[in-house]
*Asks:* 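If you scroll down you'll find the structure; I have some questions about it.
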Amino acid sequence: MKQKSNGNLSRKSRKELSIKQKVTLWYACMLVLIVLLLFGFIFAISRNILQRQSDSRLEEIVLEFADDIDFEQNSYELDDDIRFYENGVIFSLYDEQGRLTAGSVPTDFPADTILKAYSFQTISSSGNTWSVYDAALPYGDGQILWIRGILQSETLFSVERTMFLVLLIACPLLIAVALLVGYSITRRAFLPISEICRTAETIGAGGDLSARISTERTQGELRQMADTFNEMFQRLETSFEHERQFTSDASHELRTPIAVITSQAEYALLPDATAEEQREGLEVILEQARKMSSLISRLLLLARADNGTQQLSMAPLNLSYTAAEAAEQCRETALRHHITLSCEITPDIIAEGDQDSLTRVFLNLLENAIQYGRPDGFVKLFLEVQDDFAVCSICDNGIGIAPEDLSRIWLRFYRADPSRNPGGSNTGLGLSLVKWIVEAHHGSVSVSSVPGEGSRFTFRIPLRQPS
Ligand code: ADP
């Protein structure tokens, strides 16, 4: 107990992000990631283009510089107006052995940078980066003059710096906008979910069971979800309504015999009650007590059926014999009602089922057929095998059932015409029990009836129960 409350406490104290916040965060992270990737891509491409532009410019300038050198037999001469610094490029000249003969190199430029004819090199040192282009000019008999052009990569750096600055300013802005927009989109998208939660909370708190989620502005999957919840709420409401009806009917049914028992006992206990009157009173009390006991056992069975604790002892049984026995038990009642009871039973139909429950099914249907039959009428019981099913029909030519009552007679305590059995033993539970028992045997039960002409109840159960 103690542990549990500690667990609750720690769960409460741990602040968890709501789904909305999580979705917003994911959305913002994804957006920032995409923008960063896009930026990186643009940066890489523009850097490449700039690099190429600067290389071709460097090459051009170096080759122009070469034009200012006049070569003779075994020597060369530099023009008077030659400049070793032109358009940001610093020039230096080297002999075949790589010795610097004219011009200069920037401070910090590594002196050991190898000469590579007509190719570009990027050299970095002490935080500086240079683009280098070397031209090898042959002259005389096999001599070579190297011209090296060095360009400080200022332009490239400035582009990188600008992009970094833009990113630095844009990123927090982007995150803020992504969070704001993301949250408002998620909030709108989650509105129906919040409403579902609110409705569920109202119902959960024992509030209005008829509350439903409004689906006016909801579409797609959320509409589907809201519909599913509404259907569930509808079923809950119906089920609660049945439960309430059942409890009120049950207490009503029990109140009547208790009232009779109380009044009979009080009457019998009167000082001037004769022995005969006391005996009559006791008989009534006994009859009411039996009725209550039967009602209670039916209610108990239904309650157990509801919560799945009613056990059926399934075993192979001779259904033909069970049906004939039940008919035999009803013969006297049929006689009393001037009703001819006849049976057409295929012998030795063996089915797997619970003997007591199936006997109850036969008895209930036969008793109803007799009770709602007409004097000098008939009740017929048919039992046969159809495909892998035992099929039983019980027909009468009695009062029949109105079409609007056909679906309701299976409900608990439902009686189409209670006035037909005032104070009698009918509780309106018989058919709900029949339905439950037949379905528990993996079978089905149905009715067809014409008011004033009679009814036919048919149930079918499989001969072998599925394992
Ligand atoms: P009850 O205890 O009232 O017979 P049931 O559940 O067995 O309860 O039947 C429910 C209602 O169905 C009855 O009250 C009656 O109105 C109707 N009913 C059942 N069987 C027949 C029948 N054979 N003919 C006409 N009505 C019937």
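Start at 1 and go down the list; that is how both ligands and their atoms are numbered.
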*Asks:* Do E237 and R244 sit within salt-bridge range, that is, some charged N less than 4.0 Å from a carboxylate O?
*Replies:* no
*Asks:* What I want to know is whether F457 and ligand 1 share at least one N or O pair that is separated by under 3.5 angstrom.
*Replies:* no
*Asks:* Relative to the heavy atoms of R415, which atoms of ligand 1 are at a distance of less than 4.0 Å?
*Replies:* 3 (O), 14 (O)
*Asks:* Any atoms of ligand 1 less than 4.0 Å from a non-hydrogen atom of N368? List them with their elements.
*Replies:* 4 (O), 5 (P), 7 (O), 9 (O), 19 (C), 20 (N), 23 (N)
*Asks:* Does F389 reach the side chain of I461, with side-chain heavy atoms less than 4.5 Å apart?
*Replies:* no
*Asks:* Indicate, with yes or no, if the rings of F362 and F459 have centres closer together than 6.0 Å.
*Replies:* yes
*Asks:* Pair T333, R336 - check side-chain contact (heavy atoms from CB on, under 4.5 Å), show working.
*Replies:* CA-CA 5 Å; T333 327; R336 254 190 285 124; 4.0 Å; yes
*Asks:* Check each heavy atom of I401 against ligand 1 and say whether those closer than 4.0 Å belong to the side chain, the backbone, both or neither.
*Replies:* side chain
*Asks:* Check each of Y414, Y372, F413 against atom 21 (C) of ligand 1 and report the one with the nearest heavy atom.
*Replies:* Y372
*Asks:* May I ask you to check whether G430 has an N/O atom sitting below 3.5 Å from an N/O atom of ligand 1?
*Replies:* yes
*Asks:* Would you say L431 has any N or O atom under 3.5 Å from an N or O of ligand 1, going by distance alone?
*Replies:* yes
*Asks:* Evaluate the side-chain proximity of I401 to Y372: yes if any heavy-atom separation is below 4.5 Å, no if none is.
*Replies:* no
*Asks:* For G428, counting its heavy atoms only, list the atoms of ligand 1 lying under 4.0 Å from any of them.
*Replies:* 1 (P), 2 (O), 3 (O), 6 (O), 8 (O)
*Asks:* Is the closest heavy atom of A369 to ligand 1 under 4.0 Å?
*Replies:* yes
*Asks:* If you draw a 6.0 Å radius around OH in Y118, do more than 12 non-hydrogen atoms from other residues or ligands fall strictly inside?
*Replies:* yes
*Asks:* Going by side-chain hydrogen bond (donor to acceptor under 3.5 Å, both in side chains), name the residues that satisfy it together with D356, two or more places apart in sequence or in a different chain.
*Replies:* none
*Asks:* Please state whether D396 comes within less than 4.0 angstrom of ligand 1, counting heavy atoms only.
*Replies:* yes
